[in-house]
Amino acid sequence: MTVPAVVLFAVFHTFPALQGIFYSFTNWDGLSLTYDFVGLKNYYYLFRDENVWHSYLFTFQFAIVSTVLVNVLSLAIVIGLNEKIKFKNFFRAVYFLPNVLSVLIVGYIFNYLFANVLPLWGEKLGIEALSTNILGSEKWAWVGIVIVAVWQACALNTILYLAGLQTVPSELYEASSLDGASKWQNFRHITFPMIAPFFTINMVLAMKNFLMVFDQVVALTGGGPGRATESISLLIYNGGFQGGEFAYQSANSVIYFIVIMAVSILQIKFLQKREVDM
Amino acid sequence: MAKKTNWVATLLIAVGALFILFPLYMTVSIALKTPEELADSVLSLPVGLHVENFAKAIEATNFFQAFKNSAFITVTTVVLTIITNSMVAYAIARNMHRKFFRFLYYYFVSALFIPFPIIMLPIVKQTSAFGMNNPSGLVFLYVVYGIAFNIFIYVGYIRSIPKELEEAAIMDGCSTWGVFWRVVFPLMAPINATVAILTCLWAWNDFLLPLIVLSDQSDMTLPLVQYVFQSKFGTDYNLAFASYLMALSPMIIVYLFAQKWIIGGVTRGAIK
């Protein structure tokens, strides 16, 4: 059983990955029968390509803001859910619901909200900022994508943090309440350090997922207006399949792979060091 | 910890829950309204139940066909994943002291770090060359790609199962095959549930892989149908939302029934 699994995995995962790297050194458009080796030319042009730079800038801006927001919000939700509140199980179920929904469809629903509902309310209430569709604005469309991504991603992070809280022994809180610690002190000195490993997981997972953003962008803006919200994966998809840039975008995906790797490793190194220090 | 109900926290959590529920309320109510009602107000409850939106949406998106495709892909993927991935993981987990299997473990797990776009372009060429640009091909890819993550969580779990049970079974004359199916597999029920849930959510909701692999219109999955639909009937919102609701509801229904299980499964799956 193991041998066929390895063979299949090698054929359908490792081999295409290597092929991708191989094509990145050619000038294949994905359709022609022949192609030539061009060495590092694709990589050289990538660095001079404004669209590529722009997609990396957008993706990182989006990913960093979303990662921070998701973690702050999930921590807040978790602390709330862990208090003695009414209908605890109901709320827990509600907060996790977005995780089972299709990202694409959620994107379409919010698309309507941004395009039709919010501007209407903005006009009625006389709020200038709301009265136009933010997805149509080159400057603000990315905020719309952040909102949808965060709305959905909080679910998973909340659940993970909840699981983390179960690992904190309640004696610690009893001891601190004897010492008269405030809620904030409890959080700062007990809860947060104790769930540090979960913080690491959540930060790395969220960042990695957001760097690969695709479905949300397709559903909300399609990369527009102009190319304002074209994420890296969307650029690779568009250029590779429709733009005849098969080899060129292969080079882009190799860079993308290295970037994601580097970011994840740096994050893990940095955050784990913090875990020990606490 | 406080013994009294914390009303401030309850209130804040309730307000937060409204943010989650509002888009869903909007989806249901728009799906049930007529265009005139929608023009009057987005928030109001629908007056009558305009189920004709659903009838029209079913026709426009060829809903049953897409539903059948999604269901076929999801169910077969889950079943095959559980059967095959658990066996591979068992073999690896019980042979970790051997170099070859340890290498395999790291080989599979390291694939977790490879972003999909790097294999996306070549895999399309490959699947169409092999005639795999159909639902069965997609199932095959899901089962193979799932290995990376599933091995990771299965192996951790299997190593916590005491070996003595298996040894006892072997003493009683059980073959390796028998040991796996009669002793180990039943013990793996909780982790199998976790893998099943995560695989199910992935296969049902995935958009990018079906988008690039499937070539025939009649093979399309539910998310894919929404994508095509969006460009064709962009402005008939009642129709669109009826169609979204139908695509979302199977997973919502599953979630309502298996909620505790799903939350537990996701927690277990993601932490290991």
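Predicted, not measured: the structure shown is a model, and the values here were computed from it. In what follows, every chain begins at residue 1, and chains take the letters A, B, ... in the order their sequences are listed.
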### Message
Please classify the contact between A:F15 and chain B as side chain, backbone, both or neither, with a heavy-atom cut-off of under 4.5 Å.
### Response
side chain
### Query
With only heavy atoms counted, which part of B:A14 is less than 4.5 Å from chain A, the side chain, the backbone, both or neither?
both
### Query
Taking the side chain from B:N238 and the backbone from B:I30, do they hold a donor-acceptor pair closer than 3.5 Å?
yes
#### Entry: Most contacts with chain B, counted as non-hydrogen pairs under 4.5 angstrom, among A:L101, A:V11, A:I21
A:L101
### Query
At what distance, to the nearest 0.5 angstrom, does CG of B:N95 lie from CG of B:L104?
10.0 Å
### Query
If you take all heavy atoms of B:P117 and A:I236, which pair is closest and at what distance?
CB-CD1, 3.8 Å
#### Entry: Side chains of A:S176 and A:N186, donor plus acceptor under 3.5 Å
yes
### Message
At a 4.5 Å cut-off on heavy atoms, which part of A:L104 comes close to chain B: side chain, backbone, both, or neither?
### Response
side chain
### Task
Let me know if B:V254 has heavy atoms under 4.5 Å from chain A in its side chain, its backbone, both or neither.
neither
#### Entry: B:L141, part contacting chain A, at a heavy-atom distance under 4.5 Å
side chain
### Message
Under 4.5 Å from any heavy atom of chain B, what part of A:L81 do you find: side chain, backbone, both or neither?
### Response
both
### Query
Side chain, backbone, both or neither: which part of B:I118 has a non-hydrogen atom closer than 4.5 Å to chain A?
both
### Task
Would you please classify the geometry between the B:W181 ring and the B:W177 ring as parallel, tilted or perpendicular, with 30° and 60° separating the classes?
perpendicular
### Task
Please determine if B:K125 forms a cation-pi arrangement with A:Y23, meaning its NZ or CZ atom is less than 6.0 Å from the six-membered ring centre and no more than 45° off the ring axis.
no
### Query
Where does B:I20 contact chain A at under 4.5 Å (heavy atoms): side chain, backbone, both or neither?
both
### Message
Quick check on the interface: out of B:L222, B:T27, B:L208, who has the most heavy-atom pairs with chain A under 4.5 Å?
### Response
B:L208
### Query
Is chain A contacted by the side chain of B:Y244, its backbone, both, or neither, given a heavy-atom distance below 4.5 Å?
both
### Query
Where do A:L235 and A:S55 come nearest, in terms of heavy atoms and distance?
CD2-OG, 3.5 Å
#### Entry: Interatomic distance, A:F12 atom CZ to B:T127 atom OG1 [nearest 0.5 angstrom]
8.5 Å
### Query
Quick one: of B:L12, B:V143, B:L211, who has the most non-hydrogen atom pairs under 4.5 Å with chain A?
B:L211
## Note on the structure
Whatever's closer than 4.5 Å to a heavy atom in chain A on B:F101 counts as side chain
### Query
Quick one: what part of A:F87 sits under 4.5 Å from any heavy atom of chain B, side chain, backbone, both or neither?
neither
### Message
Under 4.5 Å from any heavy atom of chain B, what part of A:Q249 do you find: side chain, backbone, both or neither?
### Response
both
### Task
Please tell me if the side chains of B:I212 and A:Y237 come closer than 4.5 Å, counting only heavy atoms from C-beta onward.
yes
### Task
Evaluate the ring planes of B:W202 and B:Y142, with Trp represented by its six-membered ring, and classify them as parallel (under 30°), tilted (30 to 60°) or perpendicular (over 60°).
perpendicular
#### Entry: Contact class of B:W204 relative to chain A, heavy atoms under 4.5 angstrom
neither
### Task
Go through the steps to decide whether B:F207 and A:S102 satisfy the test side-chain contact (heavy atoms from CB on, under 4.5 Å), and finish with yes or no.
CA-CA 8 Å; B:F207 167 61; A:S102 146; over 6 Å; no
### Task
Determine yes or no for a side-chain-to-main-chain donor-acceptor pair under 3.5 angstrom, with A:S231 supplying the side chain and A:V213 the backbone.
yes
### Query
A:A5 and B:I147: which non-hydrogen atoms are nearest, and at how many Å?
CB-CD1, 4.1 Å
### Message
If we define contacts as heavy-atom pairs under 4.5 Å, which of B:I119, B:V144, B:I13, B:T10 has the most with chain A?
### Response
B:I13
### Which portion of A:K208 sits near chain B, non-hydrogen atoms under 4.5 angstrom
side chain
### Query
Contact part of B:Y90 toward chain A, heavy-atom cut-off under 4.5 Å: side chain, backbone, both or neither?
neither
### Task
Sort B:L256 into side chain, backbone, both or neither according to what part of it lies under 4.5 angstrom from a heavy atom of chain A.
neither
### Task
Could you have a look at A:V103, A:I77, A:T14 and say which one has the most heavy-atom pairs with chain B under 4.5 angstrom?
A:T14
### Message
Given heavy-atom pairs under 4.5 angstrom as the criterion, report whether the side chain, backbone, both or neither of A:I260 touches chain B.
### Response
side chain
### Where at least one partner belongs to residues 103-117 of chain B, residue pairs that pass salt bridge (Lys or Arg N to Asp or Glu O under 4.0 Å), sequence neighbours excluded
none
### Summary
So, the part of A:V218 with a heavy atom under 4.5 Å from chain B: the answer is side chain
### Message
Please classify the contact of A:F257 with chain B as side chain, backbone, both or neither, using a heavy-atom distance under 4.5 Å.
### Response
both
### Task
Pick one of side chain, backbone, both or neither for B:I197, based on which atoms fall under 4.5 Å of a heavy atom in chain A.
neither
## Note on the structure
Honestly, the part of A:F246 sitting under 4.5 Å from a heavy atom of chain B is both
#### Entry: Centroid-centroid under 6.0 Å between A:Y112 and B:F241 rings
yes
### Message
Does any part of the side chain of A:I258, heavy atoms only, come nearer than 4.5 Å to the side chain of A:M261, both counted from C-beta?
### Response
no
### Summary
Pair count under 4.5 Å, heavy atoms only, with chain A: among B:V124, B:N85, B:I252, highest is B:V124
#### Entry: Region of A:A10 in contact with chain B, defined by heavy-atom distances below 4.5 Å
both
#### Entry: Contacting region of B:Q226 [heavy-atom separation from chain A under 4.5 Å]
both
### Query
So what's closer than 4.5 Å to chain A heavy atoms on B:L245: side chain, backbone, both or neither?
neither
### Query
Got a donor-acceptor contact below 3.5 angstrom from the B:Y154 side chain to the B:M87 backbone?
no
### Query
What closest approach, in Å, do A:G107 and A:V148 show between heavy atoms, and which atom pair accounts for it?
CA-CG1, 4.3 Å
### Message
Looking only at heavy atoms and a cut-off of under 4.5 Å, which of B:N6, B:L121, B:L11 has the most pairs with chain A?
### Response
B:L121
